[in-house]
Structure formats: structure tokens, C-alpha cells
Amino acid sequence: MKYSIARYWRERHSHYRLKAVRCLDCNRVNYPPSTICRYCGSKNLEEIELFEQARLLTWSVIHAATEGFEDYKPIIIAIVELVDSKVKILTQLTDIDLDEIKPGMLLEPVLRRVSEDDATGIIQYAIKYRPVLKRGD
Amino acid sequence: MKPEENTGIVGWGAYIPRYRLPLKEIVRIWGFSEETPKGLNTIEKAVAGRDEDAITMGWEAALNALKRAGIDPKLIGGVWFGTESKPYAVKPSATVIAEALGITPDTMATDLEFACRAASESLRLSIAAVASGMVKYGLVIGSDTAQANPGDILEFTASSAAAAFIVGLSKEAVAVFEASYTYVTDTPDFWRRAYIPYPLHGEAFTGQPAYFHHIESAVRGLFKKTGLKPDDFDYAIFHQPNGTFPLRVAKRLGFPKEKVLPGLLTPYIGNSYNASALIGLAKVLDEAKPGQRILLAPFGSGAGSDAYSIVVTEKVLERQAKAPRVVDYLNRKKIIDYALYAKYRNIIKKI
């Protein structure tokens with residue numbers, strides 16, 4: 001077992017629901033959440049969730065992944081800008097082929113497997129982004 | 001008044017993964033006759049991607065059900081997750097979904113196993129819990145990345161998908177449970193032993209003594225209990241292990257195929273086990289009109305079947321467009337070959 005179970009558990013809400021904190025003094029959003037605003041040092045923070053659609057800003061493709069991530073190659077790491085809050089977050093893209101990626105494309109959050117601690121350890125789940133599902137109505 | 005009549009479906013949702021394996025790929029790899037998939041009346045099966053499993057698919061179906069229900073997730077008092085492809089052998093899937101949807105901690109949550117009908121048993125449990133006043137809402141999820149021994153006939157249909165329902169009081173419901181009935185026996189038609197990766201089955205034994213006997217007994221039990229008959233129903237949804245069995249059991253029970261086809265998805269996505277009949281119900285609710293009556297009869301090997309009479313209310317119309325419909329997921333598809341399917345479903349042996 002190589003993963004820290006305590007850390008995965010502690011961070012589960014930011015992984016599962018994009019939990020963040022907004023600083024009530026400087027109004028900046030801290031994601032991942034922290035106990036002190038990393039912009040102004042204030043401890044005057046409120047919890048928020050950033051579970052919203054996003055636009056793709058930039059991306060990179062990982063073809064040589066570290067242990068626990070190998071089966072998920074190629075891994076598309078992306079910086080996306082959330083549509084409502086305008087917060088920029090680092091995430092992964094899923095359900096998309098490399099030749100389908102376009103800057104500015106509209107994406108939506110989905111819960112997916114991110115890595116596995118071998119065949120016997122814990123499975124890590126987190127929000128990734130995929131192209132918005134086309135709807136007929 | 002029967003306890004069911006106080007309860008109904010408040011929200012529903014489905015999920016089908018993006019990838020489809022044409023069954024001719026299985027013919028090509030394993031040397032089957034091209035006639036074999038035709039006999040199953042199935043063209044393609046849905047395949048979960050490498051980063052998907054029963055939890056992630058169940059999460060999306062449940063998210064869609066929550067969007068339609070429009071309720072505070074904290075009001076859900078029970079999360080019942082029916083699957084036979086738990087990502088962990090020991091550690092509940094239901095808690096991951098409950099946490100990710102903001103339902104925890106004031107809730108019951110458990111995974112149930114009864115081959116393909118654990119989620120249907122969950123539905124009956126949720127009816128009981130809501131009718132008794134023990135919980136305000138129950139979340140029922142059926143989700144499977146069905147396993148099959150590579151090269152086995154089962155591989156043609158074993159697929160991946162999920163369906164979810166929020167059960168609440170009938171006054172809020174898009175569809176009210178009119179009555180339900182369950183029929184179970186000890187019938188060893190399909191099983192998987194501990195530590196064994198793939199299930200085994202009794203070939204033709206899965207038909208008459210298992211699928212047909214249990215579904216027919218459950219539906220006839222419901223008819224006897226309610227006085228209803230096939231003509232009273234607008235839709236009939238049966239467990240769909242392939243594309244032919246549901247049509248055959250419908251004929252034997254006196255339902256024309258026109259009442260079955262709207263909820264028959266296996267020809268396009270395969271058999272998604274715990275989601276099999278329930279995703280058919282999700283698709284019918286996507287299209288149903290107020291006043292219509294639905295027969296739902298899931299089945300699980302081992303063996304048992306449930307029969308439900310469900311009556312659609314006016315509220316269905318306002319909620320149909322609040323989340324993606326089954327057909328939206330059907331239309332989103334990328335065809336893959338056997339090699340990618342083998343990678344995605346983790347059936348390539350690695351060390």
C-alpha cells in the first residue's frame with residue numbers, strides 16, 4: 001500500500017464535489033481548499049462547491065504515467081475555466097480522443113476513477129471533465 | 001390501501017457509457033458463427049471506459065435522478081445500490097456515491113447483491129421505507145460493468161450501464177407504485193464463486209426454469225393481486241438478458257411487442273444486468289404521458305423476479321427535460337474494437 005488513506009479521505013470533498021473556499025476578505029476562491037487564504041492570509045473563509053460547466057483553456061498529454069496511473073494513459077491534463085465562478089482549475093479530460101480536443105470547448109464534470117493503489121489498495125475517485133453531452137431537446 | 005400506493009418515483013436517471021463494441025468483433029475474435037448475435041437480437045453492447053466502474057456510472061445516473069427530483073440530497077434517508085460488479089469486494093459503493101452527491105452522513109447506505117435484480121429488491125425496500133415514514137426519500141441505483149468469460153456466449157451481451165430512481169411519497173411522484181409482487185426460489189441458473197473473475201451459467205437452463213418461470217410467476221402474481229390484465233398496461237418492461245427473451249415472455253403473458261419495444265434497450269447496448277430492466281423504465285418515463293400504466297418485471301438469477309404496476313402522473317411532463325434522456329446517451333457513441341474493449345474492461349492479464 002503506497003497511498004496515504006488519510007490524505008485521500010481528507011481531500012474527498014474537493015475530489016468528489018470540487019469543494020473550495022472563498023475568502024470573505026479578498027473574495028478570491030481557493031481551490032483546492034485551504035484553511036488560510038493563499039492570496040491574502042485571511043482565515044475568514046466560507047466553503048463553496050465549484051461543480052459547474054467549464055471551458056477548456058489549455059492541455060497537455062501524459063504518455064508516460066507514474067505508478068498507479070499507467071492503465072489510464074494517455075492522460076489528458078487540462079486547465080479549465082469554470083463558466084459561472086470563472087475559477088481556473090487543474091483537472092483531467094475524459095471520454096474524448098486527442099483529435100477531438102479544441103480550445104474553448106464546453107465541458108461538464110463527471111466522477112471517474114483516477115488511480116489505483118495496485119490491485120489490492122484503494123481506488124481513487126475524482127471529478128474529471130468531459131465534453132458536454134449533446135441533448136435532443 | 002396498499003403500502004405501495006403511498007409511494008412513487010420522484011426522480012429518475014440513467015447512464016450509458018460512450019463506447020460500443022459491435023458483436024461482430026466477438027464473432028471475429030472467438031470464431032463464432034455470424035448467426036449467433038442475430039439469434040440474440042443484439043447489434044452492439046455498451047462498454048465502460050477504463051476510468052469507469054459501477055460506482056462512477058451509478059453516480060451519474062443518480063445525479064440525473066436528483067436533477068429531475070429537484071430535492072435537497074440531504075433529505076435522502078437511504079441509498080441502496082444494486083450491483084454484481086462492486087469495485088471493492090468489501091467496502092460499500094453506496095457510501096462513495098452518497099458522499100459524492102452530498103447525501104451523507106444522515107442516511108442508510110448499502111450495496112445489495114442478487115445477480116441482476118438486487119436493484120429491484122432495493123426498489124421494494126425503498127417503497128417499504130418511504131411508506132412506513134422511516135425515510136422521506138430513498139435513492140435506488142442499479143449499476144453494472146457486467147463480466148463475462150472471454151469467448152463465452154455471455155460475452156455477446158454482458159455490458160455496462162446504470163439507472164437510478166428517487167422514491168418518495170405519491171403526492172410528489174411522476175409515477176405512482178400501484179402494486180408490487182416478488183417471486184423467488186433457489187434456482188442455480190447463473191453464479192460466480194468467490195475469487196473467480198467470471199460467472200458461469202447453465203446454458204439453456206437459464207431460460208425456462210429460470211427467466212421465464214420466475215418472470216411469468218411474478219407477473220401472474222401481480223395480476224392475481226390486483227385484477228389487472230395485459231390490456232390495462234401501456235408499456236411492458238422485462239429484464240432483458242438479450243433482445244429476444246423479453247419479446248418471448250411478453251408473448252407468453254399476452255403483451256404485444258409494441259408495448260415492449262419502447263423499453264427494450266438490449267439490442268443497442270447489451271444486458272446491463274442491474275440496470276437492464278430499470279434503464280428500460282427510465283427510457284419509458286422519458287417518453288411517458290400522464291395516466292399511462294407501466295408493467296415492470298426485473299429478474300435476477302438465483303433466482304427471482306419482481307412485478308410492479310406503475311401509473312404515470314401529470315408531474316412527469318415537467319421533469320422529463322430536467323436531465324439527459326436515455327436516448328441522448330444512446331446517441332453518444334464511439335465504436336471500439338475488441339482490443340480496446342479488452343483494455344477498458346481490464347481483461348488483459350498484466351503483472
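For clarity, every value in this text was computed on a predicted model and none was experimentally measured. Order of the sequence lines fixes the chain letters, A, B, ..., with proteins taken first and strands second; residue numbering starts at 1 for each chain.
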**Message:** Tell me the closest heavy-atom pair linking Pro87(B) and Arg113(A), and the distance in Å.
**Reply:** CB-NH1, 4.2 Å
**Item:** Side chain, backbone, both or neither of Leu133(A) within contact of chain B (heavy atoms, under 4.5 Å)
**Value:** side chain
**Message:** Give me the atom names and distance for the closest heavy-atom approach of Ala100(B) to Leu111(A).
**Reply:** CB-CD2, 4.1 Å
**Item:** Residues Lys134(A), Asn331(B); criterion side chain to side chain contact (heavy atoms under 4.5 Å, CB included); working and verdict
**Value:** CA-CA 9 Å; Lys134(A) 286 197 183 100; Asn331(B) 291 338; over 6 Å; no
**Message:** Less than 4.5 Å apart, side chain to side chain, heavy atoms only: is that true for Asp53(B) and Tyr125(A)?
**Reply:** yes
**Heavy-atom proximity to chain B below 4.5 Å, by part of Pro131(A)** = neither
**Message:** Quick check on Lys43(A): does its NZ atom have over 12 non-hydrogen neighbours (other residues, nucleotides or ligands) under 6.0 Å away?
**Reply:** no
**Asked** At a heavy-atom separation under 4.5 Å, does Lys19(A) approach chain B through its side chain, its backbone, both, or neither?
**Response** neither
**Item:** Leu18(A) portion near chain B, given a 4.5 angstrom heavy-atom threshold
**Value:** neither
**Complete:** Taken to the nearest 0.5 Å, the spacing of Phe69(A) CZ from Asp51(B) CG works out to 12.5 Å
**Request:** Taking all non-hydrogen atoms of both residues into account, name the closest pair between Ile123(A) and Tyr88(B) and its distance.
**Result:** N-OH, 2.6 Å
**Asked** Going by an N to O cut-off under 4.0 Å, is there a salt bridge joining Glu70(A) and Lys343(B)?
**Response** no
**Request:** Name the region of Ile55(B), side chain, backbone, both or neither, that has any atom closer than 4.5 Å to a heavy atom of chain A.
**Result:** side chain
**Request:** Give, as side chain, backbone, both or neither, the part of Asp97(A) having an atom under 4.5 angstrom from any heavy atom of chain B.
**Result:** both
**Prompt:** Minimum heavy-atom separation for Tyr329(B) to Arg130(A), with atom names?
**Reply:** OH-NH2, 4.2 Å
**Prompt:** Given a strict heavy-atom distance threshold of 4.5 Å, which part of Glu108(A) is in contact with chain B: side chain, backbone, both, or neither?
**Reply:** neither
**Asked** Just how far is it from atom CG of Asp95(A) to atom CZ of Arg18(B), taken to the nearest 0.5 Å?
**Response** 6.0 Å
**Asked** In terms of heavy-atom proximity below 4.5 Å to chain B, should His15(A) be classed as side chain, backbone, both, or neither?
**Response** neither
**Prompt:** What residue in Arg332(B), Glu99(B), Glu52(B) has the most heavy-atom pairs under 4.5 Å with chain A?
**Reply:** Glu99(B)
**Asked** For Glu116(A), is it the side chain, the backbone, both or neither that has a heavy atom under 4.5 Å from a heavy atom of chain B?
**Response** side chain
**Message:** Could you check whether Asp71(A) and Tyr344(B), counting side-chain N and O atoms only, form a donor-acceptor pair closer than 3.5 Å?
**Reply:** no
**Request:** Can you establish whether the number of heavy atoms outside Arg28(A) located under 6.0 Å from its atom CZ is more than 12?
**Result:** no
**Smallest separation among heavy atoms of Val96(B) and Tyr16(A), with atom names** = CG1-OH, 3.9 Å
**Rounded distance (nearest 0.5 Å) linking atom CZ of Arg112(A) with atom CD of Glu60(B)** = 6.5 Å
